[in-house]
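Notes for the one structure printed next.
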2 protein chains.
Amino acid sequence: MDRFVSTFINKIDAKGRVSVPASFRAILERDGYAGGAVYCYPSLDAPALDAGGQTLAGNIDRLLDGLPDYSDERDELSVALYGDVHTLAIDQDGRIVLPEALRAHAGLSTHVAFVGLGQKFQMWEPARFEARRAAAREKVRQHRNLFGAGRRQLAPVVGPQRGPGSGHESSHESSHELGPGGEGGARE
Amino acid sequence: MDRFVSTFINKIDAKGRVSVPASFRAILERDGYAGGAVYCYPSLDAPALDAGGQTLAGNIDRLLDGLPDYSDERDELSVALYGDVHTLAIDQDGRIVLPEALRAHAGLSTHVAFVGLGQKFQMWEPARFEARRAAAREKVRQHRNLFGAGRRQLAPVVGPQRGPGSGHESSHESSHELGPGGEGGARE
DNA sequence: TGGGTCTCGATGGGATCGCATGGGTCTGTA
DNA sequence: TACAGACCCATGCGATCCCATCGAGACCCA
């Protein structure tokens, strides 16, 4: 199946619009809902936004299905799970507009880093993401030492993406080291 | 499959009218009753109002169906669930008028926060809602750990240590709060 | 294999449309 | 007659749509 992979950095224009990477768009289109929208909500434990298509939305439903109707607990969880979700429409040029609430949570201002995470993707403030990624790599390195697991040197570098036209942030490519160790098949 | 999602804050005008968010209206319209009305009643365990369309009303019926006829329990529940239900008409401009009784229960004065909860939505006094939302997020975090615990116990890349700079926000790998089963299905 | 050309994705901006609001008016009811 | 509610109209701002431009990578040809 299609997964969101690689990292792209796009600009937020004066009207607050951002182009969703073409490759991500293609995946969303195949994921239903006329491919015209993205489900997006503030990530619970990171200054970032989580986003995805129908599949992602379905996960929310499944999560709540286990709870009894009309229970206070269900209502409470719903507030966080549905209340924070925004359905962002993708316009004809493949752009979305990020609501103020979401931009605030992720600290977004001029640029957005779209990070593919397989079934979903995240949107980060470029600088923060870079820092976090560095930390993640370090972490992986440590673990590798612990396990002495020499297997699988990460050799990603899968990132095709616009050039440094916009400059600086030359940092991107795959983002895999971030994924949970499991899922080794990230690459084909 | 339409669900009420996201949160909107609208104003109550001098005549006591409030605009129902356009996206919520669209869902109500598809939910029957000529799309011209909203079922609304004071939430049982929160200073808020619960609202929805035909589907919601149907759920209440189903809930009562499960109880034996003429039982005290059923009577009590019926009163609780139906006794305070109001059918609010949506005018041509997409607005409703909240009866005094309902406004009092939720402590509404000048603004109303419409919160999507999937099958239904709630109306809150904005300030109070913020508090509730914070609590809800915390709760989800806990829950996530519960079912997330199952798979992927190796919490790699999840350093108790934060990365440089932006560090704070525990550098959780955040991925699937929502996807209990997630990740694995990356392929397909 | 080097260079020129073409196609597509990312941006900017102007022009519109829809939605949230504020108010005036008409009508049925105390 | 006084009022509350329903209906309509007017407005302002933000969300969308559409069109033009730029640059990069893909493609084609000599």
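Values below: all heavy atoms of this structure, side chains included; hydrogens, waters and symmetry mates excluded. Within every chain, numbering begins at 1; the chains are lettered A, B, ... in the order of the sequence lines, protein sequences first and strands thereafter. Values in this document were obtained by computation on a predicted structure and should not be read as measured data.
Considering every non-hydrogen atom in both A/Thr55 and A/Arg62, the closest pair reads O-NH2, 4.3 Å. Across every non-hydrogen atom of A/Gly83 and B/Val115, the tightest pair is CA-CG1, 4.0 Å. Looking at every heavy atom in both residues, B/Leu102 comes nearest to B/Leu49 through O-CD2, 3.5 Å.
The side chain of A/Asp91 sits closest to D/dC17 out of D/dC17, C/dT11, C/dA20. Comparing atom distances between the A/Lys11 side chain and each of C/dT11, C/dG22, C/dA20 picks out C/dT11 as nearest. Relative to the side chain of B/Arg95, the nucleotides D/dC18, C/dT21, C/dA20 differ in distance, and C/dT21 lies closest.
Among the protein residues, A/Val18 comes within range of no part of the nucleic acid, since none of its heavy atoms lies under 4.0 Å from any strand.
Between the CZ atom of A/Arg17 and the P atom of C/dT11 there is a distance of 11 Å, given to the nearest Å. Across the protein-nucleic acid pair, A/Ile96 atom CD1 and C/dG9 atom P stand 17 Å apart, rounded to whole Å. The interatomic distance linking B/His111 (NE2) with C/dA20 (P) rounds to 15 Å, in whole Å. As rounded to whole Å, 13 Å separates atom P of C/dC17 from atom CD of A/Gln92. The nearest whole Å value for the distance from the CD1 atom in B/Ile9 to the P atom in C/dA20 is 14 Å. At whole-Å resolution of the value, CG in B/Asp13 and P in D/dT11 are 18 Å apart. For the pair B/Ile12 CD1 and C/dA20 P, the computed distance is 15 Å after rounding to whole Å. Across the protein-nucleic acid pair, B/Phe24 atom CZ and C/dA20 atom C1' stand 15 Å apart, rounded to whole Å.
Counting distance only, with no hydrogens placed and no angle test, the side-chain atoms of B/Asp93 and the base atoms of D/dC8 include a donor-acceptor pair under 3.5 Å.
B/Phe8 pairs with exactly one of B/Trp124, B/Phe24, B/Phe114, B/Phe129 by the ring-ring contact (aromatic ring centres under 6.0 Å, His included) rule, that one being B/Phe24.
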N/O-N/O pairs, protein side and nucleotides 3-5 of chain D side, under 3.5 Å:
none

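A donor-acceptor distance shorter than 3.5 angstrom exists from the side chain of A/His105 to the backbone of A/Ser43, with no hydrogens or angles considered. Within the 3.5 Å criterion, the main-chain N or O of B/Val18 finds no donor-acceptor partner in the side chain of B/Asn10. A donor-acceptor pair under 3.5 Å is absent between the side-chain atoms of A/Asp31 and the main chain of A/Gly52, judged by distance alone. With B/His86 contributing its side chain and B/Val38 its backbone, the two residues share no donor-acceptor pair below 3.5 Å.
Atom CD1 of A/Ile60 sits about 8.5 Å away from atom OH of A/Tyr39, to the nearest 0.5 Å.
With a 3.5 Å limit on both pairing distances and Watson-Crick or G-U wobble geometry required, the stems of 3 or more pairs in DNA chain D span C:1-30 with D:1-30.
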